[in-house]
Amino acid sequence: MELTEHNQELYKIRHSLAHILAQAVLEIQPDAELGFGPPISTGFYYDFRLSKPFSPEDLKDIEKRMKKIIKSNQKFEQYEKSSDQTVDYLKNHNQPLKAEYAGELGEKFENLSFYQNGPFTDMCEGPHVESTRKIPKGCFKLDSIAGSYWRGDSSQPMLMRIYGLAFESKDKLTQFIEERRLAQERDHRKLGRELDLYVMDDEVGQGLPLWLPNGTVLREELESLAKDMEFQQGYQRVATPHITKESLYYTSGHLPYYKDTMYAPIEIDGDNYYLKPMNCPHHHKIFDSRLRSYRELPLRLAEYGTCYRYEHSGSLSGLLRVRALAMNDAHIYCTEDQVRDEFKAVLQMHKDYYEKFRINQYWTRLSLHASDGEKFIEAGDRWEFAEGIVRECLEDLDIPFTAERGEAAFYGPKVDFQIRNVIGREETASTNQLDFLVASRFGLKYKGEDGKEHEPYIIHRAPLGTHERFIAFLIEHFGGAFPTWMAPVQVRLIPVAEAFVDYAYEIQQILHRQSFRVQLDDSNDSFGKKIRNAVTSKIPNMLILGEKEMQSRSITWRRYCKKEQVSLGLDDYIGLLKRMRDQRFMDNFEDTQLPLED
RNA sequence: GCCCACAUGGCUCAGAGGUAGAGCACACCCUUGGUAAGGGUGAGGUCAUGGGUUCAAUUCCCAUUGUGGGCUCCA
């Protein structure tokens, strides 16, 4: 958490609570070794190495002790020790983790700071509240227990982390908890089940979703949008196999780096075949399938390619991290003169998608090479050239970015898009690379205007990331309420009584012939129940059909996102529905202007 | 992969060392109702899997698998 003047007081409260947490833990387990205990954006945590692990029930006891400490009004007082003394002191007081860190700090600082409150003392830079009484009543709550590696390094011992929530006041805490609860209501795993979008099955395997008919509609509609966008931008579609001989991944250079996160090979006819973890090598092979002329460039090859990655089991999470994923992938092969415009068009496409889906919060990370790193292929000033292009494109399009040295791919600079949805879920949506080096590994060439052979620049791009992640994100962003063009069921017909089922059936047939996904509710449920069912299924359009409607050959239209309803002539309504679908209107937002006139 | 927790009908969840219960959903019957739950009847579970302790285990212990919260990783 960044310390600014504005949140300084809150920072102190959280930081002090972290100390009080450690103090309470030491009361229960005096031999606990302390790790780090910083404030974070929702509160604080502290890491402990324990002889006996905590269980969630222990949190109540710890919280009680913390409250008691706060009540006893202990003053926070700062003092200093020399670095050498600090290391000795911590070693003698059974704090080897702190001592290790103090040893490192000692190389930079002569003296190290401590804070003491009551019987508890901790090496710490501060700042803290003056006394525990300054901590507002009821402003915190211990939240969860988690494991974490000492110093965030998986080769180090695992510590136990206790997370606490803390805000300026009890009200703010309550508000946060309520907001979090509402966000959980929109969790894509919950909505995925309720709306019959996808399931996971033990016997199929971890991280291998089965897409149900409703979820498959979402995939196909999204893919159809991408196909249209890409077609209009001059992309061509390709299709490539799911398994491939290992030598391809030696050529690409991926296998040595990523072997651990690839599925084990299938050995057949003396060759090892891998499930493909990415699409680029195949697209490169398509580029290389015949002699290319500069007249063909830019060549833009697109594929919603299914890839398989053996992700760590502990990192799998719903649709956000899976082992079978369909990437919104494409590779653009172009000349040096074209690369600026092409990269810019790719960034613009991201903006267009985000605008369409009303993803208002996004930013990027521009990852640059480091001249001293061994990780990057040596390419002289070509690195600067490529990085300059990417940077200019971001600036020209006013896309916010933070530049980071040493984070590039080994073959070129990278732009990662980070997006946040309405409930605060933040995800890396896509990574895009300007690759000026892999062409040579594959021997990719085109014949230029000058009659000589040249290596193309390659842009790797995937604005929608993977179906799995992007759909998960959209489910939460929309709260499961999709626009008509995407919705698994676009229209639900609800006759007021049995006498109107025939009229409803006729409308169903008309809409079905126009390829609308339409359902007629002719169940035994009461009228009220049918309305309720349509609403809880988040169907965007409900058509109410009764005496009135049948007489005038009309419908009464109730939208999911709006309570009020209108009656329209049948033909007028069908025309409107078609425009909403074909023009992909985002009618799931209340303020979207509908295409009432042609 | 690592740490902690959890696993009971399709879903959400009760429950107890002595062979299981609710609501919703589902099926059938009645009801034909103008904007968020009409009524009745019924079916459905080897209590995740495999071991162990016990006269007896779904309940206690161990392992496995899966899920959740984190950590690490993410072409």
Side-chain angles (χ1 to χ4, degrees), chain A residues 35 45 47-50 53-59 143-163 184 187 189-190 193-194 196 199-207 249 252-262 276-281 307 309-318 320-323 325 327 329 409-411 414 416 428 431 433 435 438 460 462 466 469 494-501 522-537 542-549 556-558 560 563-565 567:
Chain A
Y45 69 77
D47 286 340
F48 306 93
R49 181 147 68 176
L50 304 168
F54 281 128
S55 75
E57 291 87 74
D58 296 323
L59 291 185
D143 194 38
S144 61
I145 295 179
S148 70
Y149 294 110
W150 167 236
R151 316 212 65 174
D153 179 345
S154 57
S155 65
Q156 298 274 5
M158 178 63 65
L159 309 179
M160 294 212 75
R161 174 173 297 179
I162 296 180
Y163 280 98
Q184 282 161 354
D187 189 299
R189 289 165 295 193
K190 183 171 153 63
R193 203 181 309 110
E194 289 170 3
D196 289 322
V199 290
M200 299 283 193
D201 188 292
D202 288 4
E203 212 170 352
V204 175
Q206 276 188 303
Y249 299 115
S252 71
H254 286 101
L255 193 53
Y257 285 108
Y258 296 110
K259 200 173 169 112
D260 287 349
T261 47
M262 287 165 71
K276 71 170 166 181
M278 80 292 284
N279 302 302
C280 8
C307 300
R309 295 180 181 180
Y310 186 69
E311 300 285 0
H312 286 174
S313 61
S315 63
L316 299 173
S317 176
L320 288 171
R321 185 74 83 83
V322 291
R323 286 177 170 172
L325 41 120
M327 288 181 70
D329 217 351
F410 65 88
Y411 46 71
K414 226 167 52 162
D416 294 337
T428 300
T431 116
Q433 294 127 26
D435 169 1
V438 164
H460 305 237
T466 69
R469 182 173 294 191
I494 303 181
V496 167
E498 205 173 330
F500 314 110
V501 167
D522 58 356
S523 68
N524 274 345
D525 290 328
S526 65
F527 181 67
K529 186 64 185 292
K530 289 179 186 183
I531 299 285
R532 179 186 156 83
N533 284 342
V535 173
T536 55
S537 306
M542 233 181 283
L543 301 189
I544 316 298
L545 307 165
E547 181 68 33
K548 207 170 64 182
E549 288 81 6
T556 293
W557 179 33
R558 174 169 160 166
Y560 176 79
K563 187 100 195 193
E564 70 258 42
Q565 51 193 21
S567 290

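Below, chain A is the first sequence line, B the second, and so on; all start at residue 1.
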Please measure how far the P atom in B:A7 lies from the corresponding atom in B:C47, and state the result in whole Å. 14 Å
Using a 4.0 Å heavy-atom cut-off, does A:R189 contact any base of the nucleic acid, only the sugar-phosphate backbone, or nothing at all? sugar-phosphate
Would you mind telling me which of B:G33, B:U72, B:A36 lies closest to the side-chain atoms of A:K530? B:G33
Between B:A36, B:G69, B:C4, spot the one nearest the side chain of A:S317, thanks. B:G69
Of the listed B:A75, B:U72, B:G34, the closest approach to the A:E547 side chain comes from B:G34
Looking only at atom P, what distance separates B:C29 and B:U65, rounded to whole Å? 48 Å
When we call it a touch if two heavy atoms are under 4.0 Å apart, what does A:Y163 touch: a base, just sugar-phosphate, or nothing? sugar-phosphate
To the nearest angstrom, how far is A:H312 atom NE2 from B:C71 atom P? 15 Å
Regarding the side chain of A:E311, the nearest nucleotide among B:C73, B:U35, B:U32 is B:C73
As a test of reading the structure: which of B:U67, B:G34, B:C4 is closest to the side chain of A:Q206, going by heavy atoms? B:U67
Which listed nucleotide (B:C71, B:G34, B:U72) is nearest to the side chain of A:V496? B:G34
From C-beta outward on A:K529, which listed nucleotide comes closest to its side chain: B:A25, B:G34, B:G66? B:A25
Flag this pair as yes if the NZ/CZ of A:R323 is under 6.0 angstrom from the six-membered ring centre of A:Y310 and inside a 45 degree cone about the axis; otherwise no. yes
To the nearest 0.5 Å, what is the distance between OG1 on A:T466 and CG on A:D329? 11.0 Å
Could you check whether A:N524 gets within reach of a base, just the sugar-phosphate, or nothing at all, counting any heavy atom under 4.0 Å? base
Provide, to the nearest angstrom, the distance between the NZ atom belonging to A:K190 and the C1' atom belonging to B:C11. 10 Å
Whole-angstrom distance between B:G66 and B:C26, as gauged at atom P: 32 Å
Partner of B:G50 by Watson-Crick or G-U wobble geometry, both contacts under 3.5 Å, or none? B:C62
Looking only at atom C1', what distance separates B:G44 and B:A63, rounded to whole Å? 31 Å
Nearest-Å distance, CG (A:D187) to C1' (B:G69)? 12 Å
Base of B:C74 paired with side chain of A:R321 (donor-acceptor, under 3.5 Å): yes
Let me know the distance between CD1 of A:I531 and P of B:U32, rounded to the nearest Å. 19 Å
What nucleic acid atoms does A:T261 come within less than 4.0 Å of, heavy atoms only: base, sugar-phosphate, or nothing? base
Quick check for you: among B:A37, B:A36, B:U35, whose closest atom lies nearest to any side-chain atom of A:I544? B:U35
Could you give the OH-to-P distance, from A:Y149 to B:U72, as a whole number of Å? 9 Å
Categorize A:Q565 for me: base, sugar-phosphate, or nothing, with a 4.0 angstrom heavy-atom threshold over every strand shown. base
Base, sugar-phosphate, or nothing for A:T556, non-hydrogen atoms under 4.0 angstrom? base
Nearest-Å distance for atom pair CG/C1', residues A:L320 and B:G70: 15 Å
Among side-chain atoms of A:Q156 and A:S154, is any donor-acceptor pair under 3.5 angstrom? no
Of the nucleotides B:C3, B:U35, B:G1, which one has an atom closest to the side chain of A:M160? B:C3
Comparing nearest nucleotides in RNA chain B, the 5'-proximal residue of the pair A:G207, A:A497 is A:A497
Tell which nucleotide pairs with B:A75, taking only Watson-Crick or G-U wobble pairs whose two distances are both under 3.5 angstrom. none
Given that A:R161 and A:M158 both sit by RNA chain B, which one's nearest nucleotide is further toward the 5' end? A:M158
What's the gap between B:U49 and B:G15 when it is taken at their C1' atoms, as a whole Å value? 22 Å
Please name the pair of heavy atoms, one in A:R189 and one in A:S317, separated by the smallest distance, quoted to 0.1 Å. NH1-OG, 3.7 Å
Identify whether any heavy atom of A:E194 sits under 4.0 Å from a base atom; if not, whether one sits that close to sugar-phosphate; answer base, sugar-phosphate or nothing. nothing
Flag for A:Y149-A:R151: side-chain donor and acceptor within less than 3.5 Å: no
Provide the Watson-Crick or G-U wobble partner of B:A5, both distances under 3.5 Å; none if there is no partner. B:U67
If I pick the C1' atom on B:C55 and the same atom on B:U72, what distance separates them, to the nearest angstrom? 49 Å
When the distance from CZ of A:R532 to C1' of B:G38 is rounded to whole Å, what number comes out? 14 Å
So, A:Q206 versus A:S313: side-chain donor-acceptor pair below 3.5 Å or not? no
Base, sugar-phosphate, or nothing for A:E549, non-hydrogen atoms under 4.0 angstrom? base
Shortest side-chain distance from A:E498, nucleotide among B:U35, B:G66, B:G33: B:G33
Separation of A:D143 atom CG from B:C4 atom C1', in whole Å? 14 Å
Could you tell me whether A:R193 contacts a base, only the sugar-phosphate backbone, or nothing, with contacts defined as non-hydrogen atoms closer than 4.0 Å? sugar-phosphate
For the pair A:D47 and A:R161, evaluate salt bridge (charged side-chain N to carboxylate O under 4.0 Å, His left out) and give the outcome as yes or no after the intermediate values. CA-CA 4 Å; A:D47 286 340; A:R161 174 173 297 179; 2.7 Å; yes
Can you tell me, in whole Å, how much space there is between the C1' of B:G21 and that of B:U8? 10 Å
Mate of B:U41 where both pairing distances stay under 3.5 Å, Watson-Crick or G-U: B:A27
Watson-Crick or G-U counterpart of B:A22, or none if no pair lies under 3.5 Å: B:U12
Using a cut-off of 4.0 Å on non-hydrogen atoms, how would the nucleic acid contact of A:G528 be classed: base, sugar-phosphate, or nothing? sugar-phosphate
